[in-house]
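Chain naming here is simple, since letters A, B, ... match the order of the sequence lines and numbering starts at 1 in each.
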Number of protein chains: 2
Amino acid sequence: MSRKILIVEDEAAIREMLSFVMEQHGYQAVEANDYHQALEKITDPLPDMILLDWMLPGGTGVQLAKKLKSDDFTRNIPIIMLTARSEEDDKIRGLEVGADDYLTKPFSPKELMARIRAVFRRVTPTALDEPIEIEGLRLDPVSHRVTAFDERLDMGPTEFKLLHFFMTHPERVYSREQLLDHVWGTNVYVEDRTVDVHIRRLRQAIAAHSHDRLVQTVRGVGYRFSAR
Amino acid sequence: MSRKILIVEDEAAIREMLSFVMEQHGYQAVEANDYHQALEKITDPLPDMILLDWMLPGGTGVQLAKKLKSDDFTRNIPIIMLTARSEEDDKIRGLEVGADDYLTKPFSPKELMARIRAVFRRVTPTALDEPIEIEGLRLDPVSHRVTAFDERLDMGPTEFKLLHFFMTHPERVYSREQLLDHVWGTNVYVEDRTVDVHIRRLRQAIAAHSHDRLVQTVRGVGYRFSAR
DNA sequence: GATAAATTTCACAAAATTGTCGCAGAGTCA
DNA sequence: TGACTCTGCGACAATTTTGTGAAATTTATC
C-alpha cells in the first residue's frame with residue numbers, strides 16, 4: 001500500500017529535497033508550490049498526508065490549512081506544517097487550524113520520517129480483530145494463523161487474505177472482480193482467472209478435514225463461502 | 001498485586017488530591033514535588049505508572065520525561081502528563097517525548113481513573129517484572145539475563161529488548177513498523193529492514209537449543225513469537 | 001578525543017509467492 | 001450426443017520478500 005504525500009512548499013530546493021526523501025522511503029510524492037497548485041493536485045487520489053509550508057507567500061499557508069480542514073473530503077487528511085525556527089507562535093496557530101504536527105526548519109530527513117511515521121500511526125487506530133471459527137476451521141487475525149481442529153494450516157498471504165474475507169463475509173456470492181477489489185485491492189490489474197488459481201490454492205490449504213467444501217463455485221457467477 | 005504510582009506535581013493541593021484518589025482505588029501512591037525528588041523516589045520498586053505535571057518549575061517536566069524514556073529501566077513505564085487547559089501544544093511535545101496519555105486540568109477523579117485504567121490496559125496485560133519462561137528459555141528482566149535450560153545466553157541490548165517484548169506479547173504477529181514502535185521507541189526512524197537484522201541476531205543468540213524456532217517469520221506481514 | 005561496541009545500512013543470495021498459460025475435464029443447453 | 005463455455009489443475013518464469021555477511025555509521029566508554 002503506497003501512500004501519497006502532497007508537498008506544498010514555495011522554495012524549490014526544499015520542495016525537491018522533501019520529494020526526494022519521500023520517494024526514497026517508498027512514498028509517492030506530489031509537489032505543489034503555491035495555494036492554487038495545491039488545490040489542483042489534491043484531487044483524484046486524495047493524498048494520505050500533507051506537508052505544508054507555513055510561510056507561503058501572502059500567508060496563504062494558513063488559509064490553505066483552514067480550507068482543507070473545513071472541507072469534508074479533506075478534513076481527515078493529516079497535515080504536518082513546516083515552520084522557520086523563529087516563528088514560535090506559528091505552532092499555536094497551526095494547531096488552531098487543525099494541523100496534526102509541526103516540524104521546525106531546519107530538520108533532518110530522519111526527523112521528518114520519524115514525524116511522518118508517528119502521525120500515520122496516530123491517525124490509524126489498530127483494529128482489534130476477533131478470531132472467527134466455522135466448523136472447526138479457525139482464523140485468528142491477531143496471531144495470523146489458521147487452524148483446523150487445532151491443527152495448524154499453511155498458506156500464502158493472498159490465500160490468508162482471501163479466507164479472511166470469506167469468513168467475514170459468508171453466505172454470499174462474489175464475482176471474481178469483486179474478490180479482486182476486496183482482497184487484492186482496487187487499482188491493481190490482474191486477470192480474472194487469477195482468482196481461480198488462488199481459490200484452488202486456498203482449497204488445497206484447507207482440504208485436510210475437507211474444509212475445502214466451504215469454498216463453493218457458483219458457475220457463471222463467482223465463489224461463495226458457506227457452511228452449508 | 002498492588003500497583004505503585006508515582007505522582008510528580010509541585011502544587012501540594014493537587015498532589016495530595018491525586019494521592020488520595022489513588023489510594024481510594026487501591027493503588028499505592030508515592031509523591032514527589034520536583035525533578036530531583038522524582039528521581040530519588042523512582043528507584044527501589046519502580047513505579048508502574050507516573051503522573052507527571054508538565055508545568056514543573058523551570059520546565060523540568062519535559063526534561064524528566066525525556067530522561068525516563070531514554071533510560072532502559074524506566075522506558076516502559078507509562079506516563080500520563082497533566083497539563084493546564086491552554087497549553088495545547090504540550091500534547092504534542094508530550095507525545096514526542098513518549099508520554100502515553102495526557103489529562104487536561106481541571107479533571108475529575110472519574111476521568112483520571114478512567115485514563116489510568118485505559119493506559120494500564122493498553123500497555124501491558126502481562127506482569128511487570130516477573131521472569132518469563134517458555135520451553136526452557138527464561139528471561140529475567142530484573143537481573144537482565146537470558147538462560148536456556150540454566151545455560152546463560154549472550155546478546156546485545158536491542159536483542160534483549162526484542163526478546164523481552166516478544167515474550168511478553170506472544171502468539172501475535174507484529175509488523176516491522178510495530179516492532180520498531182514497541183522495541184526501538186517512537187521517536188527514531190530506522191529502515192524496516194533493520195528489524196530483520198536484529199531478528200537474525202536474536203535467533204542466533206537463542207539457537208543453541210533450537211529456541212530460534214520460537215521466532216517465526218510471517219511472510220508479507222512480520223514476525224511472531226510462539227511456542228507452537 | 002580515541003577506541004571499542006553496538007547499531008544501521010547496504011548488497012546480494014536464497015526462498016517463497018504470484019500471475020499466467022495450456023490443457024483436461026465438468027457442466028450446460030439444444 | 002455434440003458443441004460450447006466455464007472451471008480445475010500442474011507447471012513455470014517473474015516478482016517479491018526474507019536471510020545473511022560485511023561495511024558504514026552512530027553511540028558509549030574511558
Engineer: Is a salt bridge present between B/E151 and B/R138, judged by a nitrogen-to-oxygen distance below 4.0 Å?
Structural biologist: no

Engineer: A/D212 CG to D/dG8 C1': how many Å, rounded?
Structural biologist: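 Interatomic distance, CG of A/D212 to C1' of D/dG8: 13 Å.
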
Engineer: To the nearest 10°, give me the bend of the helix from C/dG1-D/dC30 to C/dA30-D/dT1, comparing the axes of its five terminal pairs at either end.
Structural biologist: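 One end axis against the other gives 40°.
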
Engineer: Below 4.0 angstrom from OP1 or OP2 of C/dG19, is there any side-chain N or O of A/H198?
Structural biologist: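 Yes.
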
Engineer: Under 4.0 Å: is that the gap between some side-chain N or O of B/W184 and OP1 or OP2 of C/dT8?
Structural biologist: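 B/W184 to C/dT8 OP1/OP2: side-chain N or O found under 4.0 Å.
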
Engineer: Would you call A/R15-A/E9 a salt bridge at under 4.0 Å N-O?
Structural biologist: no

Engineer: Round to the nearest Å and state the distance from A/K161 atom NZ to C/dT17 atom C1'.
Structural biologist: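 In whole Å, C/dT17 C1' and A/K161 NZ are 11 Å from each other.
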
Engineer: State which residues pass ring pair (Phe, Tyr, Trp, His ring centres under 6.0 Å) with B/F160; sequence neighbours excluded, sorted by chain then number.
Structural biologist: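 Checked B/F160 against ring pair (Phe, Tyr, Trp, His ring centres under 6.0 Å); matches are B/H144.
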
Engineer: Could you run through nucleotides 18-30 of chain D and give me one letter per nucleotide, 5' to 3': B if any protein heavy atom sits under 4.0 Å from the base, S if only the sugar-phosphate is that close, - if neither?
Structural biologist: BBBB---------

Engineer: Closest nucleotide of DNA chain C for B/V195 versus for A/V190: which of these residues is on the 5' side?
Structural biologist: B/V195

Engineer: Does a salt bridge link A/E159 with A/R200, judged by any charged N lying under 4.0 Å from a carboxylate O?
Structural biologist: no

Engineer: Could you state the atom-to-atom distance from CG of A/L180 to P of C/dT18 in whole Å?
Structural biologist: 13 Å

Engineer: Could you state the atom-to-atom distance from CD of A/Q216 to P of D/dG8 in whole Å?
Structural biologist: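 The distance from CD of A/Q216 to P of D/dG8 comes to 12 Å, rounded to the nearest Å.
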
Engineer: Less than 4.0 Å between a side-chain N and a carboxylate O, is that true for A/E191 and A/R176?
Structural biologist: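 No salt bridge links A/R176 with A/E191.
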
Engineer: Near B/Q204 CD, under 6.0 Å, is it more than 12 heavy atoms from other residues, nucleotides or ligands?
Structural biologist: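 Yes, enclosed.
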
Engineer: Would you say the ring centroid of B/Y223 lies under 6.0 angstrom from that of B/H198?
Structural biologist: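 Judged by ring-centre distance (under 6.0 Å), B/Y223 and B/H198 do not meet the cut-off.
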
Engineer: Which whole-number value in Å describes the distance from A/D192 CG to C/dG19 P?
Structural biologist: 13 Å

Engineer: Is the distance between the ring centroids of B/Y174 and B/F225 under 6.0 Å?
Structural biologist: no

Engineer: Quick one: on DNA chain C, does A/T158 or B/T158 contact a more 5' nucleotide (nearest heavy atom)?
Structural biologist: B/T158

Engineer: Test side-chain hydrogen bond (donor to acceptor under 3.5 Å, both in side chains) on B/D150 and B/T147; report intermediate values, then the result.
Structural biologist: CA-CA 5 Å; B/D150 295 326; B/T147 53; 5.0 Å; no

Engineer: I need the CG-C1' distance between B/L162 and C/dA6, as an integer number of Å.
Structural biologist: 15 Å

